[in-house]
Amino acid sequence: VQRLDDRGLPVGYPFNPDWEITPREFVRRRDAGERIVLLDCRTAPERDLAKIAGAVHVPMHELGSRMEELREHECTPVVVHCHHGARSLQVTAALRQAGFEDVRSMAGGIHLWSLDIDPSVAVY
């Protein structure tokens with residue numbers, strides 16, 4: 001069993017608040033009524049294994065061809081998630097470079113979401 005600190009992060013996780021948001025902070029902001037777009041950048045087969053309700057699915061390899069459809073969210077906070085957080089950091093960087101103002105990666109990805117927020121979401 002992975003130990004989590006008081007922020008819900010694995011002990012020793014190299015959290016970067018300029019680039020990441022914890023799953024707990026995302027839930028707190030969403031539940032407070034803030035409009036936040038959750039963007040799932042995993043592949044379709046991964047999404048079939050486990051998903052977070054309400055997430056917009058744009059696989060990382062489709063980001064370039066689907067950037068225009070994401071423009072409607074340019075001024076809305078966007079949280080990107082993948083499996084563990086590496087791909088979502090890449091997508092976060094790409095969206096920021098494309099002019100999106102408030103984009104962060106979900107620290108620990110859907111894996112940490114499953115451990116700390118919603119155990120009904122499959123761990124894979």
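All residue numbers refer to positions in the sequence shown, counting from 1.
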Residues Ala55 and Arg47: closest non-hydrogen pair is O-NH2, 3.3 Å
Tracing side-chain contacts under 4.5 Å among Ile, Leu, Val, Met, Phe, Trp and Tyr outward from Ile110 reaches Ile21, Phe26, Val27, Ile36, Leu38, Leu49, Ile52, Val79, Met106, Trp113, Ile117, Val121, Tyr124
Shared hydrophobic cluster, Trp19 / Phe15 (ILVMFWY, side-chain heavy atoms < 4.5 Å)
no
The salt bridge (charged side-chain N to carboxylate O under 4.0 Å, His left out) partners of Asp5 (sequence neighbours excluded) come to Arg7
Contacts of Gln90 meeting side-chain contact (heavy atoms from CB on, under 4.5 Å) (sequence neighbours excluded), chain-then-number -> Met60
In short, side chain to side chain donor-acceptor pair (under 3.5 Å) pairs touching residues 48-59 with sequence neighbours left out are none
Residues at least two apart in sequence or cross-chain that pass side-chain contact (heavy atoms from CB on, under 4.5 Å) with Arg3, listed by chain then number, are Val11
Sorted by chain and number, sequence neighbours left out, side-chain contact (heavy atoms from CB on, under 4.5 Å) with Leu63 holds for Val58, Met67, Leu70, Val91, Ala94, Leu95
dist Thr22:OG1 -> Leu4:CG (nearest 0.5 Å) comes out at 11.0 Å
query = Taking 4.0 angstrom as the limit, do Arg104 and Glu25 come out as a salt bridge?
reply = no
Is His81 close to Pro23 at the side-chain level, that is, under 4.5 Å between some pair of heavy atoms? no
Hits for salt bridge (charged side-chain N to carboxylate O under 4.0 Å, His left out) against Glu20, two or more places apart or cross-chain, chain-then-number order -> none
Smallest heavy-atom separation, His83 atom then Arg42 atom, equals N-CD, 3.6 Å
Rounding to 0.5 Å, atoms NE2 (His111) and CG (Asp116) come to a distance of 11.0 Å
Problem set entry | Donor-acceptor side-chain pairing of Glu62 and Ser65 below 3.5 angstrom | no
Item checked: Evaluation steps, side chain to side chain contact (heavy atoms under 4.5 Å, CB included), between Leu9 and Leu112 -> CA-CA 8 Å; Leu9 293 169; Leu112 184 56; 3.8 Å; yes
Between Cys82 and Ser88 the two heavy atoms that sit nearest each other are SG-N, 3.4 Å
side-chain hydrogen bond (donor to acceptor under 3.5 Å, both in side chains) filter on Ser120, not counting sequence neighbours, yields Asp118
Heavy atoms of Ala122 and Ser114 approach each other most closely as O-OG, 3.5 Å
For a 4.5 angstrom cut-off between non-hydrogen side-chain atoms, does Val56 reach Val37? yes
Residues passing the salt bridge (charged side-chain N to carboxylate O under 4.0 Å, His left out) test with Glu68, sequence neighbours excluded, are Arg71
For the side chain of Arg96 and the backbone of Val103, is there at least one donor-acceptor N/O pair under 3.5 Å apart?
-> yes
Distance col, row Thr76:OG1 vs Glu34:CD, nearest 0.5 angstrom, shows 10.0 Å
Contacts of Gln2 meeting side-chain hydrogen bond (donor to acceptor under 3.5 Å, both in side chains) (sequence neighbours excluded), chain-then-number -> none
The side-chain hydrogen bond (donor to acceptor under 3.5 Å, both in side chains) partners of Asn16 (sequence neighbours excluded) come to none
Salt bridge (charged side-chain N to carboxylate O under 4.0 Å, His left out) filter on Glu69, not counting sequence neighbours, yields Arg66
